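This report concerns only the one structure given below.
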Amino acid sequence: MRIALDAMGGDFAPDVTIAGALEAVREYDDIHVILIGDRQKITESLRNWRYPSERISIHHASEVVEMHESPTTALRRKKDSSIRKAVDLVKSGEADAAVSAGHSGVAMATALFVLGKLSNVDRPAIATIMPSLTGYFLLIDAGANVDCKPENLLEFAHMGNAYYKAIFDISSPRIALLSIGEEDTKGNELTKEAFKLLKNAGLNFTGNIEGKDIFSGNADVIVCDGFIGNIVLKVSEGLAETIMKMLKHEIANVTTGKLGYMMIKPAIKNFRKRTDYSEYGGAPLLGINGTCIISHGRSSARAIKNAIRVAGEMAKKKVHEIIANALHKGPNENFSLKNLAKEDISYVKG
């Protein structure tokens, strides 16, 4: 699997991004990483490492998208950016998937513009794997679309269903709609109308799920709009980190704390691993005609490594084709930058 990595994307790029790429090629024999970015900076960083050179290559990109730049402006003015070049390689067939920890709005807009949407997908969505008491669940949308129609939530459910089947080999994932109550009369107009659509969608729809139950393991795919989904994601990340800090503080304040810590250290280590976003790498953008992984801006080398792993798995299984088949449609080539600016403005604000 050839993975095009935006080497200049992320808070700690290019060194940490490159370190993650090298971890990936050492650990996964079927991965070749194409580092996209400033050739001189990448070459200088690579001098500090030993790695299988036959599975690392460099593709020069002269521009870098800055975090303050808008997606539409970056698309128009920075056609040689590392993000653009990574997605271009997927479009041309020179890479099987793209990974970026850079400007998420630009990465999403670029993937949408260059690769196009699947033909009956109105809004592609970010799908994030999160831990639960019984395993893992998929949260969709996790931040791509802040304003949604009921029909969008329906297509998120279909895409999430197809993705979960492909990744976890589950024949009938349990689909739930995130709302403020379990009854179908609870929620706002969006969730009430979406409930009606999901109820008759032919999916294994289990009804509404409240925020307090999302980690219970009672649902495999949880559907919501991107505004709510991104809040859920960020609150969850912050809560996990806060719990670890509070636990350390309490242990330090107890006389026998250090002794007790040594006894439960393996359990704490396992907990940290299950709740650490870097273990999940990144989130795929579902609904586009290709594979693109959006990673956290503060991704560590481990997170980049895992994002590359996820990209390779998705490309190998051709998940975008599975989603297209599930939706009974093929790729849509009728998409333009003009359409992006007018119709998908809430999508690309990022």
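Being a predicted model, the structure only gives us computed values, none of them experimental. Index from 1, following the sequence.
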- Task: Any chance you could measure S104, atom OG, to I294, atom CD1, to the nearest 0.5 Å?
- Result: 7.0 Å

- Taking the side chain as every heavy atom from C-beta outward, state whether E189 and K192 have any pair of such atoms under 4.5 Å apart. yes

- E27/R309 under salt bridge (Lys or Arg N to Asp or Glu O under 4.0 Å): CA gap, chis, key distance, verdict: CA-CA 10 Å; E27 190 165 332; R309 171 184 55 78; over 6 Å; no

- Message: Show every side chain to side chain donor-acceptor pair (under 3.5 Å) that has at least one partner inside residues 1-14, sequence neighbours left out.
- Response: R2-D96, D6-S82, D6-S100

- Message: Keeping T242 on the side-chain end and G238 on the backbone end, is there a donor-acceptor pair under 3.5 Å?
- Response: yes

- Task: Check whether more than 12 heavy atoms from other residues, nucleotides or ligands sit under 6.0 Å from atom CG of N48, and answer yes or no.
- Result: yes

- Message: Are more than 12 heavy atoms, taken from residues, nucleotides or ligands other than K317, located less than 6.0 Å from that residue's NZ atom?
- Response: yes

- L35: which of I3, T43, L5, T17 passes side chain to side chain contact (heavy atoms under 4.5 Å, CB included): L5

- Under a 4.0 Å N-O cut-off, is there an ion pair linking E23 with R26? no

- Message: Looking at S216, is its backbone amide N or carbonyl O close enough to the side chain of D213 to form a donor-acceptor pair, meaning the two atoms are under 3.5 Å apart?
- Response: no

- Do other residues, nucleotides or ligands put more than 12 heavy atoms under 6.0 Å from F227 CZ? no

- Query: So, does N204 use its side chain to make a donor-acceptor pair with the main chain of S172 at under 3.5 Å?
  - Reply: yes

- Message: Using salt bridge (Lys or Arg N to Asp or Glu O under 4.0 Å), reason through K316 and D30 one step at a time and then give a plain yes or no.
- Response: CA-CA 10 Å; K316 185 180 293 184; D30 61 342; 2.5 Å; yes

- Taken in chain and number order and not counting sequence neighbours, the residues that satisfy side chain to side chain donor-acceptor pair (under 3.5 Å) with T206 are none

- Query: Are any non-hydrogen side-chain atoms of I175 and D220 less than 4.5 angstrom apart?
  - Reply: no

- Identified side chain to side chain contact (heavy atoms under 4.5 Å, CB included) counterpart of S45 within the set V16, D38, I18: I18

- Task: Evaluate the salt bridge (Lys or Arg N to Asp or Glu O under 4.0 Å) criterion for residues E241 and K245: first the C-alpha distance (whole Å), next the side-chain angles of each, then the deciding distance (0.1 Å), finally the verdict.
- Result: CA-CA 6 Å; E241 293 176 359; K245 291 177 181 178; 5.2 Å; no

- CA sep, side-chain torsions, deciding dist, call: T191, N188, side chain to side chain donor-acceptor pair (under 3.5 Å): CA-CA 6 Å; T191 58; N188 55 19; 3.2 Å; yes

Which atom pairs, donor and acceptor, lie under 3.5 Å between side-chain atoms of residues 149-160 and protein residues at least two apart or in another chain?
residue: N152; atom: OD1; partner: K149; partner atom: N; Å: 2.8
residue: N152; atom: ND2; partner: D122; partner atom: OD2; Å: 2.9
residue: N152; atom: ND2; partner: E155; partner atom: OE2; Å: 3.4
residue: E155; atom: OE1; partner: D122; partner atom: N; Å: 3.0
residue: E155; atom: OE2; partner: D122; partner atom: N; Å: 3.3
residue: E155; atom: OE2; partner: R123; partner atom: N; Å: 2.8

- Could you please spell out the steps behind the side chain to side chain donor-acceptor pair (under 3.5 Å) verdict for E183 and T185? CA-CA 5 Å; E183 301 84 357; T185 55; 5.6 Å; no

- Message: Quick check against the 3.5 Å criterion: does N230 have a side-chain atom that pairs as donor or acceptor with the backbone of G226?
- Response: no

- Item | Aromatic ring proximity, centroids under 6.0 angstrom, F205 and F195 | yes

- Query: Would you say the side chain of R84 lies within less than 4.5 Å of the side chain of L75, judging by non-hydrogen atoms?
  - Reply: yes

- Heavy-atom side-chain contact between I140 and L286 under 4.5 Å: yes

- When every non-hydrogen atom of F215 is compared with those of S236, the smallest separation belongs to CZ-OG, 3.2 Å

- Report the C-alpha distance between N161 and Y163 in whole Å, list the side-chain angles of each, state the deciding distance to 0.1 Å, and finish with yes or no for side chain to side chain contact (heavy atoms under 4.5 Å, CB included). CA-CA 6 Å; N161 183 64; Y163 177 72; over 6 Å; no

